[in-house]
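Values in this document were obtained by computation on a predicted structure and should not be read as measured data.
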Amino acid sequence: MILKNELNSEIKAINFNLYEDTDNKWSIELVGTFSFDRDNDDWACDEVFATRDNPFMIERESDWKSMETFFIGLLNEYLSFGKYAGSLKKYQAIGIGFVDGDLHILYER
């Protein structure tokens, strides 16, 4: 539903932050950033917008690497077939990763 509306016009790139919560719960939030730099993952910290107060959460017994692979698969599928994929692809890049881990760039213009 977030993508249904226009996001902040200052957003240059999108990142999906992954979190390991407690009791086999995993969260993902959408973050819009002021910048993008393929060679420096710190761009994902340059936030202008975040869905931190309303993350997407699932419950699944798994390890972090399997969940990262799962969320990457979901996002790649959405970028191929999702209703608002075009809205996401208007930004310079789309990344995903755990907040304390490596970023994976899934799309770049």
A.B. asks: Kindly compute the distance separating CH2 (Trp43) from CG (Asp37), expressed to the nearest 0.5 Å.
C.D. replies: 10.0 Å

A.B. asks: Do you reckon Leu103 sits in the same ILVMFWY cluster as Leu30, going by side-chain contacts under 4.5 Å, direct or chained?
C.D. replies: no

A.B. asks: Answer yes if the side chains of Asp46 and Ser35 hold a donor-acceptor pair under 3.5 Å, and no otherwise.
C.D. replies: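 A donor-acceptor contact under 3.5 Å links the two side chains.
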
A.B. asks: Determine, step by step, whether Ile14 and Phe16 satisfy the side-chain contact (heavy atoms from CB on, under 4.5 Å) criterion, reporting the C-alpha distance in whole Å, the side-chain angles of both residues, the deciding distance to 0.1 Å, and the verdict.
C.D. replies: CA-CA 7 Å; Ile14 298 289; Phe16 288 88; 3.7 Å; yes

A.B. asks: Would you mind reporting whether Ile2 and Leu7 have side-chain heavy atoms less than 4.5 Å apart?
C.D. replies: yes

A.B. asks: May I ask whether Leu75 and Met57 are part of the same hydrophobic cluster, defined by side-chain heavy atoms of I, L, V, M, F, W, Y residues being less than 4.5 angstrom apart, directly or through others?
C.D. replies: no

A.B. asks: Scan residues 3-26 for pairs that pass salt bridge (Lys or Arg N to Asp or Glu O under 4.0 Å), counting only residues two or more places apart or in two chains.
C.D. replies: Glu6-Lys90

A.B. asks: Start with the C-alpha gap between Glu59 and Asn24, add the side-chain angles, then the distance that decides, and say whether side chain to side chain donor-acceptor pair (under 3.5 Å) holds.
C.D. replies: CA-CA 6 Å; Glu59 187 173 338; Asn24 297 314; 5.7 Å; no

A.B. asks: Hey, are the side chains of Tyr78 and Tyr84 touching, using non-hydrogen atoms and a 4.5 Å cut-off?
C.D. replies: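 Heavy-atom side-chain distance check passes, below 4.5 Å.
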
A.B. asks: Flag yes if Leu18 and Ile105 sit in one hydrophobic cluster, no otherwise; membership is Ile, Leu, Val, Met, Phe, Trp, Tyr, and two members link when side-chain heavy atoms are under 4.5 Å apart.
C.D. replies: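 Leu18 does not cluster with Ile105.
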
A.B. asks: Surrounding CG of Asp63 (heavy atoms of other residues, nucleotides or ligands, distance under 6.0 Å), is the total greater than 12?
C.D. replies: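 Enclosed.
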
A.B. asks: Drop me the distance from Phe56's CZ to Phe71's CZ, to the nearest 0.5 angstrom.
C.D. replies: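 Between Phe56 CZ and Phe71 CZ, I get 6.0 Å after rounding to 0.5 Å.
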
A.B. asks: Rounded to the nearest 0.5 Å, how far apart are CZ of Arg52 and OG of Ser27?
C.D. replies: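 The OG atom of Ser27 is 11.5 Å from CZ of Arg52, to the nearest 0.5 Å.
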
A.B. asks: Nearest 0.5 Å, what's the CD1-CE distance between Ile72 and Met67?
C.D. replies: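 It comes to 11.5 Å.
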
A.B. asks: Roughly how far apart are Ile28 CD1 and Ile96 CD1, rounded to 0.5 Å?
C.D. replies: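 So the CD1 of Ile28 and the CD1 of Ile96 are separated by 4.0 Å.
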
A.B. asks: Got more than 12 heavy atoms from elsewhere within 6.0 Å of CD, Glu77?
C.D. replies: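 Open.
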
A.B. asks: Glu68 vs Phe98, test: side-chain contact (heavy atoms from CB on, under 4.5 Å). Steps then yes/no.
C.D. replies: CA-CA 8 Å; Glu68 181 179 63; Phe98 277 93; 3.7 Å; yes

A.B. asks: Assess whether side-chain contact (heavy atoms from CB on, under 4.5 Å) is satisfied between Ile94 and Asn15, documenting all intermediate values.
C.D. replies: CA-CA 6 Å; Ile94 301 167; Asn15 191 59; over 6 Å; no

A.B. asks: What's the verdict on side-chain contact (heavy atoms from CB on, under 4.5 Å) for Val31 and Phe49, showing C-alpha distance, side-chain angles and the deciding distance?
C.D. replies: CA-CA 6 Å; Val31 173; Phe49 172 85; over 6 Å; no

A.B. asks: Near Asp100 CG, under 6.0 Å, is it more than 12 heavy atoms from other residues, nucleotides or ligands?
C.D. replies: no

A.B. asks: Just how far is it from atom CG of Leu79 to atom NZ of Lys89, taken to the nearest 0.5 Å?
C.D. replies: 6.0 Å

A.B. asks: Report yes or no: is the cationic atom of Arg60 (NZ for Lys, CZ for Arg) under 6.0 Å from the centre of the six-membered ring of Phe70, at an angle within 45° of the ring normal?
C.D. replies: yes

A.B. asks: May I ask you to decide if Asn76's main-chain N or O and Ser80's side chain share a donor-acceptor pair within less than 3.5 Å?
C.D. replies: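 Checking the backbone N and O of Asn76 against the side chain of Ser80, a donor-acceptor pair under 3.5 Å is found.
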
A.B. asks: Does any part of the side chain of Glu108, heavy atoms only, come nearer than 4.5 Å to the side chain of Phe36, both counted from C-beta?
C.D. replies: yes

A.B. asks: Do Phe34 and Tyr91 belong to the same hydrophobic cluster, where Ile, Leu, Val, Met, Phe, Trp and Tyr are linked whenever their side-chain heavy atoms lie under 4.5 Å apart, directly or via other members?
C.D. replies: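 Shared cluster, yes.
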
